[in-house]
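Comments concern the structure below.
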Amino acid sequence: MTQMSIFGPDGSGPEAKPDTDEIIEMKVLVTVKAAPNPSERYGETVCVAGLRIDWESRGWVRLYPINFRHLDSDDKFRKYDVILVKAKPARQDQRRESWNPIMDSVRTVDNLEPWRRRRDWLDPYVEDSMCLLNQGARQRSDAQSLALVRPRDVSRLEVVAHPGWSKDEQAKIDGYVNQLVSRV
């Protein structure tokens, strides 16, 4: 691992969420876009994780819900894009990193390909084990829950195709679509 950046974490974990629901703008390096999940309220949603790279506040952030399929093509973003997004603290999720994005505020400002463009940002956040993260989460509901973990061994990694939505999951999506149609 490279030497710790002067801009890296101080070991205390993510900052506590603000006490207010004030909307703030974040600059986020997108590192993960989870598989979509059906939601009765939001349709087909994804959870996005990334690293805040604002000067004021650095660290991991989780953005949910994002109805990615309904974003205009200009508003869609990829893994390793740097986005500007306005968000407010996710009050229904106690994890400190969790925020609710304001979808019409998402704007892509850069893409950090290849790896060396991302490395200086991400190296300070590499963990060698999930053990401390898991231990912290068991002790406190607002403990750090996101990290970049260096795996010891990936020789048995197996990728399995998604079997498709279950009847219950498809019913959630259909219910959401029907709500949209009835509003028109």
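Below, all heavy atoms of this structure are taken into account, side chains as well, without hydrogens, waters or symmetry copies.
A donor-acceptor contact shorter than 3.5 Å links the side chain of Arg96 to the backbone of Asp142.
Sparse packing is recorded around CG of Leu132, with 12 or fewer heavy atoms of other residues, nucleotides or ligands lying under 6.0 Å away. When the shell of 6.0 Å around NZ of Lys17 is examined, it contains more than 12 heavy atoms from other residues, nucleotides or ligands. Residue Glu22 places its CD atom among 12 or fewer non-hydrogen atoms of other residues, nucleotides or ligands, all under 6.0 Å distant. Shown here is Arg152, whose CZ atom has no more than 12 heavy atoms of other residues, nucleotides or ligands within 6.0 Å. Annotation: Glu113, atom CD; neighbour count of heavy atoms from other residues, nucleotides and ligands within 6.0 Å is above 12. Residue Arg117 places its CZ atom among more than 12 non-hydrogen atoms of other residues, nucleotides or ligands, all under 6.0 Å distant. Atom CD of Glu40 is surrounded by 12 or fewer heavy atoms from other residues, nucleotides or ligands within 6.0 Å. Heavy-atom neighbours of Asp21 CG from other residues, nucleotides or ligands within 6.0 Å: above the threshold of 12.
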Test log, rule side chain to side chain donor-acceptor pair (under 3.5 Å), inputs Asp153 and Ser155
CA-CA 6 Å; Asp153 179 21; Ser155 63; 2.9 Å; yes
Please report the C-alpha distance between Glu97 and Ser145 in whole Å, then the side-chain angles of each, then the deciding distance to 0.1 Å, and finally whether the side chain to side chain donor-acceptor pair (under 3.5 Å) criterion is met.
CA-CA 7 Å; Glu97 303 99 336; Ser145 61; 2.8 Å; yes
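Within the model, atoms CZ of Arg58 and CG of Leu51 stand 8.0 Å from one another, a figure rounded to the nearest 0.5 Å. With rounding to the nearest 0.5 Å, the separation of CH2 in Trp165 from CG in Asn37 is 5.5 Å. If you take CD on Glu127 and CG on Leu133, they are separated by 6.5 Å, rounding to the nearest 0.5 Å.
The shortest side-chain heavy-atom distance between Lys33 and Phe77 falls under the 4.5 Å cut-off. Annotation: side chain of Leu63 is in contact with side chain of Ile83 (closest heavy-atom distance under 4.5 Å).
Remark: Asp54 does not engage Lys27 in a salt bridge, criterion side-chain N to carboxylate O under 4.0 Å.
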